[in-house]
Each structure stands twice: as structure tokens, then as C-alpha cells.
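Numbers here simply count residues along the sequence, with the first being 1. Please read these numbers as outputs of a predicted model, since none were measured by experiment.
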Amino acid sequence: MTTGADAGKLPAAYLSAGSSSFTEFVGVHAPQLLPSRRVLPPGNMLEAPHGTTIVTATFAGGVVMAGDRRATMGNLIANRDMEKVFAGDEYSAVGIAGTAGIAIELVKLFQVELEHYEKIEGTLLSLEGKANRLASMIRSNLGMAMQGLSVVPLFAGYDLDRQLGRIFSYDVTGGCYEEHDHHSVGSGSLFARGALKKVWHPGLSAEEVVSVVVEALYDAADDDSATGGPDVGRRIWPTVAVVGPEGVRFVGDDELRMVVEAVIAARQGNPGGAR
């Protein structure tokens with residue numbers, strides 16, 4: 001318990017004017033709390049759960065992002081129902097691929113970063129500004145990435161100024177690149193991108209794009225052992241977020257079950273649905 005004249009008061013750092021970046025604030029006053037400031041013993045490679053695969057595609061009024069639920073550790077399945085798609089803020093979503101623990105911590109820090117900016121500045125950060133903030137956070141993790149603990153997210157959101165959905169991908173050094181129409185990251189991304197090229201086309205509705213991204217994950221899981229497809233037996237469905245002018249909406253399990261059954265039925269030559 002704190003005693004003395006300052007007992008019960010916040011430290012001076014919390015009361016002085018500072019940057020609108022929460023990450024910069026923590027880096028100055030408590031740097032040991034940042035994921036990128038942790039030091040690993042030299043020459044050691046940690047075996048940790050990794051998450052894949054994330055896919056995203058645009059529709060006329062926004063963007064859809066989906067992620068499978070499997071996390072792997074080497075040749076083992078570490079988790080069957082891991083969440084990999086999160087709301088960045090009201091108008092954006094971020095999906096994680098790479099070292100699961102660090103990726104989730106990075107996303108939580110990113111969420112606080114955006115909320116902190118909004119409270120300090122009194123306005124939302126632009127979509128490009130959000131993408132660049134995430135890039136700088138990835139860049140600060142380069143040291144850990146070189147020791148095998150890399151994080152490569154996928155970011156998408158609704159641009160309030162342009163009134164459309166936009167997609168941003170990253171590399172391990174923090175490079176930020178805008179993608180067009182659709183994209184995928186993770187170990188199953190090669191197969192997912194092939195599916196997206198075949199089934200996505202301009203003018204699709206949000207519901208149709210939800211079906212497209214689920215089908216892309218289905219194809220990825222068919223050829224990549226690290227990607228978990230829809231698990232009908234365990235009732236584990238992909239995580240799917242729809243981002244539009246109304247904000248972020250996560251598709252419910254009942255709706256996803258119907259989408260998955262329709263995809264499976266179509267693959268079995270029964271377009272009318274499961275019987």
C-alpha cells in the first residue's frame with residue numbers, strides 16, 4: 001500500500017500531456033510490459049503454438065474477414081477452437097497468423113492503441129493511420145521474429161472517407177501493403193488465394209462473400225494440415241467478421257452452420273443443400 005503525501009494519487013506521468021500513442025507512453029514509462037521488449041536467451045528457439053489461416057475479401061459495402069480455428073505446434077494440433085479474428089475498433093478487424101501468444105497480445109495492445117488515440121484526440125484515426133500504427137508495432141517485434149517468434153497479421157476495415165472496404169497485409173519487418181479485392185495469409189494462404197481467385201467477383205453481397213471466404217478456408221484445409229476446416233462433428237466453425245458502415249459484426253454460429261452445410265453439399269454435388 002502506498003503511503004506518504006502522494007498516497008492514492010496517480011503518478012505524474014499519467015497527469016501530464018503526452019503522445020496520442022499508448023504504445024509510446026508504455027515504452028517510456030514501463031517498457032518491460034511491451035511484447036517487443038522481452039529478451040530471449042541467445043541461441044534458443046522456442047516451440048510455441050502457431051495460428052493459420054486468415055482470408056479476407058471485399059463486397060460492395062465493406063469487407064469480410066475469416067479465420068480457421070486451428071493452432072499447431074510442430075506436427076501437433078495445439079488448439080482446435082482458437083479465435084484468430086478480432087475487432088480492431090468499431091470499423092476494423094485484424095486477423096493473426098504466426099506465434100499465437102505474441103500475436104494475441106499484439107492485437108490487444110493494438111486495440112488499446114486505437115481507443116487511446118480516440119480518447120486523446122477526440123476523433124477516430126483514419127483507416128490508413130490504423131494500418132500504419134499496426135505496421136510500427138510489427139516492426140518493433142523484429143528482434144523476436146528473428147528468433148522464430150514472428151507475427152504477420154492481416155488488417156481490413158471500412159474506410160469512412162472513401163466509403164468502401166480496404167485490406168492491408170504486412171511482412172515480418174513491418175512493411176505495410178494495400179491489397180485489392182481479396183487476400184490471405186498463413187500456411188494455407190496459397191490454396192485459399194487460389195479459391196478466392198475462382199469464386200470471388202465484383203458485385204457480391206456481404207452474405208455471398210461470407211460463403212466465399214468459408215469456401216476458401218475449406219480449400220486451404222483440404223491441402224494444408226495446419227489449417228483447420230469447418231468441424232461439423234465438434235460444431236467448430238470459422239470466425240467470420242463483416243465490416244461495413246454500421247461497424248463490425250461477427251457472424252453467428254447458426255448462420256455459419258448453414259453456410260458450411262451449403263458449401264459441403266455443393267462439393268458433394270447436391271446444390272440444394274444437405275439432406
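- A salt bridge links Arg166 with Glu128: the closest approach of a Lys/Arg side-chain nitrogen to an acidic carboxylate oxygen falls below 4.0 angstrom.
- At least one donor-acceptor pair under 3.5 Å links the side chain of Arg193 to the backbone N or O of Ser184.
- Tyr158 and Leu124 end up in the same hydrophobic cluster when Ile, Leu, Val, Met, Phe, Trp and Tyr side chains are linked at under 4.5 Å.
- Expressed to the nearest 0.5 Å, how far CG of Asp219 lies from CZ of Phe191 amounts to 10.0 Å.
- Think of Leu76 as one node in a network of Ile, Leu, Val, Met, Phe, Trp and Tyr side chains linked at under 4.5 Å; it has no links at all.
- With hydrogens and angles ignored, the 3.5 Å screen pairs a side-chain donor or acceptor of Ser126 with a backbone N or O of Gly129.
- For the atom pair CD (Glu113) and CG (Asp89), the distance works out to 11.5 Å, reported to the nearest 0.5 Å.
- Cluster membership check: Val107 does not share its hydrophobic cluster with Val248, using side-chain heavy-atom separations under 4.5 Å among Ile, Leu, Val, Met, Phe, Trp and Tyr.
- Ring centers of Phe110 and Phe155: under 6.0 Å apart, within the cut-off.
- Shown here for Ala66 and Val85, the closest heavy-atom pair between the two residues is C-CG2, 3.8 Å.
- The line from CG of Leu127 to CZ of Phe168 is 5.0 Å long, rounded to the nearest 0.5 Å.
- Among all heavy-atom pairs drawn from Asn132 and Cys176, the shortest one is OD1-SG, 4.3 Å.
- Nearest heavy atom pair, residue Gly174 against residue Ala135, reads O-CB, 3.3 Å.
- Counting all heavy atoms, side chain and backbone alike, Gly228 lies closest to Ala221 at C-CB, 3.9 Å.
- In this structure the side chain of Ser211 reaches within 4.5 angstrom of the side chain of Val263, judged on heavy atoms.
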Take Val210 and Val242 through the side-chain contact (heavy atoms from CB on, under 4.5 Å) test and state the conclusion after the steps.
-> CA-CA 8 Å; Val210 168; Val242 180; 4.0 Å; yes
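- Placement of Val214 and Ile264 within a single hydrophobic cluster is found when ILVMFWY residues are connected by side-chain heavy-atom separations under 4.5 Å, directly or transitively.
- Cluster annotation: Leu164 and Leu196 are assigned to distinct hydrophobic clusters (Ile/Leu/Val/Met/Phe/Trp/Tyr, side-chain heavy-atom contacts under 4.5 Å, transitive).
- A donor-acceptor pair is defined here as one N or O able to donate and one able to accept, closer than 3.5 Å; such a pair exists between the side chain of Glu208 and the backbone of Ser205.
- In terms of modelled atom types and a separation under 3.5 Å, the side chain of Asp222 and the main chain of Tyr218 share no donor-acceptor contact.
- In this structure a side-chain-to-backbone donor-acceptor pair under 3.5 Å is present from Arg69 to Trp237.
- Residues Arg267 and Glu215 are paired through a salt bridge, judged by an N-O separation under 4.0 Å between the basic side chain and the carboxylate.
- Contact of the Ile138 side chain with the Leu106 side chain is registered, since non-hydrogen atoms from C-beta on lie closer than 4.5 Å.
- Using a distance-only test at 3.5 Å, with no hydrogens or angles considered, a donor-acceptor pair links the side chain of Asp171 to the main chain of Gly175.
- A 4.5 Å side-chain heavy-atom check between Leu125 and Arg133 finds at least one atom pair inside the cut-off.
- Between Asp231 and Arg80 there is no salt bridge, since no side-chain N of the basic residue sits under 4.0 Å from a carboxylate O of the acidic one.
- His183 places a side-chain heavy atom less than 4.5 Å from the side chain of Leu154.
- Looking at Arg249 and Glu255, a side-chain N of the basic residue comes within less than 4.0 Å of a carboxylate O on the acidic one, giving a salt bridge.
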Atom pairs and distances, donor-acceptor, side-chain atoms in residues 53-65, under 3.5 Å, two or more places apart:
unit_1, atom_1, unit_2, atom_2, d
Thr53, OG1, Gly188, N, 3.1
Thr53, OG1, Thr227, OG1, 2.7
Thr56, OG1, Val64, O, 2.7
Thr58, OG1, Asp181, O, 3.3

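- Residues Val94 and Ile102 share a single hydrophobic cluster, defined by chaining ILVMFWY side chains whose heavy atoms lie under 4.5 Å apart.
- Shown here for Pro238 and Leu256, the closest heavy-atom pair between the two residues is O-CD1, 3.0 Å.
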Would you please test Arg70 and Thr72 for side-chain contact (heavy atoms from CB on, under 4.5 Å) and show each step?
-> CA-CA 7 Å; Arg70 178 176 292 178; Thr72 59; 3.9 Å; yes
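- By the 4.5 Å heavy-atom criterion applied to side chains, Met82 and Ile96 are counted as neighbours.
- Taking the side chain as every heavy atom from C-beta outward, Tyr91 and Lys130 approach each other to under 4.5 Å.
- Once rounded to the nearest 0.5 Å, the distance linking CG of Leu109 with CD1 of Ile104 reads 14.0 Å.
- Looking only at distances, a side-chain donor or acceptor of Gln111 sits under 3.5 Å from a matching main-chain atom of Ala87.
- Dense packing is recorded around CD of Glu178, with more than 12 heavy atoms of other residues, nucleotides or ligands lying under 6.0 Å away.
- With hydrogens and angles disregarded, a donor-acceptor distance shorter than 3.5 Å links the side chain of Tyr170 to the backbone of Ala131.
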